[in-house]
Protein chains: 2
Amino acid sequence: MTGLRSAPEKVPARRRSGRAPTIHDVALAAGVSKSAVSLAIRNQRGVSEATREHILSVAQELGYRSNVWARSLVQGRTGLVGVLLQDLGNSYHRDLTFGVEDTAVENDLRLVIAHGRRDPHRMQAELDSLLALGVEGVVIVSSWVPPQSLERIGRRVPLVVVGRLPERVSGIDTVANHDELGAKLAVEHLVSLGHTRIAHLTGSSRPAAMHRRQAFSEIVRNLLPGIEPQIEGPEHLDAAIKYLIFQLQEEASAPTAVFTQNDRIAADLVGACLDAGLRIPEQLSVVGYDNSSVCRMLRPQLTSVDQPRTEMGRMALEMLLERIGGRIEDRHITIAPSLEVRASTAAPRNG
Amino acid sequence: MTGLRSAPEKVPARRRSGRAPTIHDVALAAGVSKSAVSLAIRNQRGVSEATREHILSVAQELGYRSNVWARSLVQGRTGLVGVLLQDLGNSYHRDLTFGVEDTAVENDLRLVIAHGRRDPHRMQAELDSLLALGVEGVVIVSSWVPPQSLERIGRRVPLVVVGRLPERVSGIDTVANHDELGAKLAVEHLVSLGHTRIAHLTGSSRPAAMHRRQAFSEIVRNLLPGIEPQIEGPEHLDAAIKYLIFQLQEEASAPTAVFTQNDRIAADLVGACLDAGLRIPEQLSVVGYDNSSVCRMLRPQLTSVDQPRTEMGRMALEMLLERIGGRIEDRHITIAPSLEVRASTAAPRNG
DNA sequence: GTGAAAGCGCTAACAA
DNA sequence: TTGTTAGCGCTTTCAC
């Protein structure tokens, strides 16, 4: 305009108004070079303290924010890690995420949460989406992603699965609950109370459920020789619950305790029992799995197997970091659960 | 190596092995120019059908994935929208997110979920983090972000808050539940059953809670002239519950029904009552708020005010799109809840 | 219909 | 200590 600045004005006019200020704008305003600004904002040495302060104050004034995309484009890394959750509204996933988040923050990584909505297709889509975002690794809190997908994606980016996969997948790490131990804890607790007729109620034939179920059978056979373990489900869960209630009402040989695959199923069972006029734990002891927040909301409060969720999330991200750091061999960790005893279990009436 | 390709080899050697294939690699392999590849993969016209197919198959073969960062760097937009959740493990947030997700997908936007962990500081940090990622807008599912932060950030990027803010903030949109109507539905239901001594149990003095509380008082005064509305809380919630139970056990003038600020508090109350040997709904009717998943797990199942959560999420993202599309004036939407009647409410014993 | 060249905002290697 | 230069991978004119 004034003609005073004779140097070719390379900055398009529109930039100064509409767009966010760039490193270039800051350099111009501060009267230094782009690289000086770059060094200053990243707190790197190479600029004098005075210059840095000046640059920073100018940047502040202009409302400058560095463009992460441009930076990661040139650096070849994004500083992003993803966590793919099977289901948002659920305290198991929440607590796990806590552990992942904490560890991510401690390691200067930004966490991007994706939501699979309990839908294998969406899960796959979200996983692709995370990759497209350029995450440097993903923690998958779900065992629903098919092994071949895991293997394929695991070749591109480090992957840690929290959960029990149907099979080992080479190239990826896993953190899993020790389902066998969980079943053992539950059954031992019930046996120690004097129960002998114990049933298992399950709603799934996925690996984790199967492990609990098999461990249940085994421990029952060990601890209660001569008694055949009773299993209900996984099909027709509603019918299974109805049948259990029928047994309790009509048959002297009905189970006196039920160990369920998870808390949700336990809650359904407890609700149905109460609706049928059965008293818990007097007429039936119930043990859940997951120690979710509903355990303390129900009456009686639910005895449940507890997984150290936050700790599992933390371990998952640590394993991911190891992978990003170059570990080659696979790691598979199994975490021991514990039993949280509450009011839904007691000695059997005629024990 | 062979010296046959005499043109200066500009691609560094390391790229071809370690790094992900780029548009350049695809162009080289397909024997076309970079721009041809760019057009082909974006399905733009400008390349012949044959060329496109060829390029696509080569890209597929190489396992090419376009680099979102590079693309958005040049296009000046990221196609990202953020949703900041106050709390992950919670069906209210889950269902809201469903609505947001669906609408985002329909509009070709990628959703990035951030988690505030019920901590205002983290909430603020996550919001900054989302901005740094370059989101084009954010849906904040929380009313905990301070107005001045909202205003500041709202100047950089469109913002929609789902929840009831302590004050209007210029430049941002809101989607809120019609708390007054919710309270009205609850009280009218109880009055229609014959209740006259109705208490309100609240655990917060935040705007949404206050609106419910005030609306409660008003509707009680309208419908039951001469009766002073009884309010317990928001301080010392545990003590308030104990006091209510004391009243029920000792005083003839005890309330026969309680309307609570949310389901969690209702669950606490119901649990405490059952622990004290009180029967629900015979001795006390209880109405919750949020119609969360626990309502159907409790016994008796909980009558609760239901917010159309998925719909609210959808509206929030639609409003965000309007803003991104250029709307200037603020919009504030209030959504009508409905009442889900279940077994925790009944006519009072001596009604 | 296709290719060459410029440049998005930034960093990193180098030169001054 | 500072400024210059050359890209990161991609899109987008603009010639051909």
Side-chain angles (χ1 to χ4, degrees), chain A residues 7-16 18-55 59 62-79 132-134, chain B residues 7-16 18-55 59 62-79 132-134:
Chain A
E9 176 63 32
K10 293 194 93 184
V11 183
R14 67 178 169 79
R15 176 112 57 76
R16 296 218 52 78
R19 314 283 258 138
T22 76
I23 202 174
H24 187 194
D25 301 322
V26 177
L28 228 59
V32 296
S33 75
K34 284 196 328 178
S35 27
V37 178
S38 177
L39 293 174
I41 57 169
R42 280 177 301 144
N43 250 312
Q44 292 227 7
R45 47 199 223 74
V47 279
S48 65
E49 200 45 50
T51 320
R52 156 165 301 135
E53 272 181 30
H54 177 224
I55 292 174
L62 260 56
Y64 169 78
R65 293 180 153 242
S66 85
N67 183 326
V68 191
W69 303 73
R71 173 177 298 173
S72 53
L73 184 56
V74 53
Q75 294 194 143
R77 58 175 304 244
T78 57
L133 258 186
Chain B
E9 176 62 34
K10 293 194 91 184
V11 183
R14 66 175 171 79
R15 176 111 58 73
R16 297 220 52 79
R19 316 283 257 135
T22 75
I23 202 173
H24 187 195
D25 301 321
V26 178
L28 229 57
V32 296
S33 75
K34 286 197 324 180
S35 22
V37 177
S38 176
L39 293 174
I41 57 169
R42 282 178 299 143
N43 250 312
Q44 291 226 9
R45 45 199 224 75
V47 280
S48 66
E49 200 44 51
T51 319
R52 155 166 302 134
E53 272 181 28
H54 176 224
I55 292 175
L62 259 55
Y64 169 79
R65 295 181 153 241
S66 85
N67 182 326
V68 191
W69 304 72
R71 173 177 296 173
S72 53
L73 184 58
V74 51
Q75 293 194 144
R77 56 175 306 243
T78 58
L133 258 187

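Using a 4.0 Å heavy-atom cutoff across all strands shown, A:Ser48 reaches sugar-phosphate atoms only and no base atom. At the heavy-atom level, B:Thr51 lies under 4.0 Å from the strands shown only through sugar-phosphate atoms.
Side-chain to base pairing of A:Ser38 with C:dA12: no donor and acceptor N or O lie closer than 3.5 Å to each other.
Dashed line: the shortest gap from a side-chain N or O of A:Gln75 to OP1 or OP2 of C:dA12 is under 4.0 Å. For C:dT11, one of the phosphate oxygens OP1 or OP2 lies less than 4.0 angstrom from a side-chain nitrogen or oxygen of A:Arg42. For D:dG9, neither phosphate oxygen OP1 nor OP2 lies less than 4.0 angstrom from any side-chain nitrogen or oxygen of B:Thr22.
The two residues B:Leu39 and B:Arg52 come nearest to each other via the heavy atoms O-NH2, 3.8 Å. The minimum heavy-atom distance linking A:Asn67 with A:Trp69 is given by the pair OD1-N, 2.8 Å. Residues A:Leu73 and B:Ala70 approach most closely at CD1-CB, 3.8 Å, considering heavy atoms.
Place B:Gly31 and A:Ile23 on DNA chain C by their nearest nucleotides, and B:Gly31 ends up nearer the 5' end. Nearest-nucleotide positions on DNA chain C for B:Ala70 and B:Val47 put B:Val47 closer to the 5' end. Heavy-atom distances to DNA chain D give each of B:Leu73 and A:Lys34 a nearest nucleotide, and the one nearer the 5′ end belongs to A:Lys34.
The distance from atom CZ of A:Arg45 to atom P of C:dA12 is 14 Å, rounded to the nearest whole Å. Per the geometry, CG belonging to B:Leu39 stands 10 Å off C1' belonging to C:dG1, to the nearest Å. Straight-line distance from the CG atom of A:Asn67 to the C1' atom of D:dC8: 13 Å, rounded to whole Å. Rounded to a whole Å, the CZ atom of A:Arg52 is 10 Å from the P atom of D:dT2. Put simply, CH2 on B:Trp69 is 13 Å from P on C:dC10, counting in whole angstrom units. Straight-line distance from the CD atom of B:Gln44 to the P atom of C:dT2: 15 Å, rounded to whole Å. With rounding to whole Å, A:His24 atom NE2 is found 11 Å from C:dC10 atom P. Atom pair A:Arg71:CZ and C:dG9:C1' shows a separation of 11 Å (rounding to whole Å applied).
For the residue pair A:Ser48 / A:Thr51, a side-chain donor-acceptor distance below 3.5 Å is found, with atom types taken as modelled.
Although no hydrogens or angles enter the test, the distance criterion places no donor-acceptor pair under 3.5 Å between the side chain of B:Thr78 and the main chain of B:Ser72.
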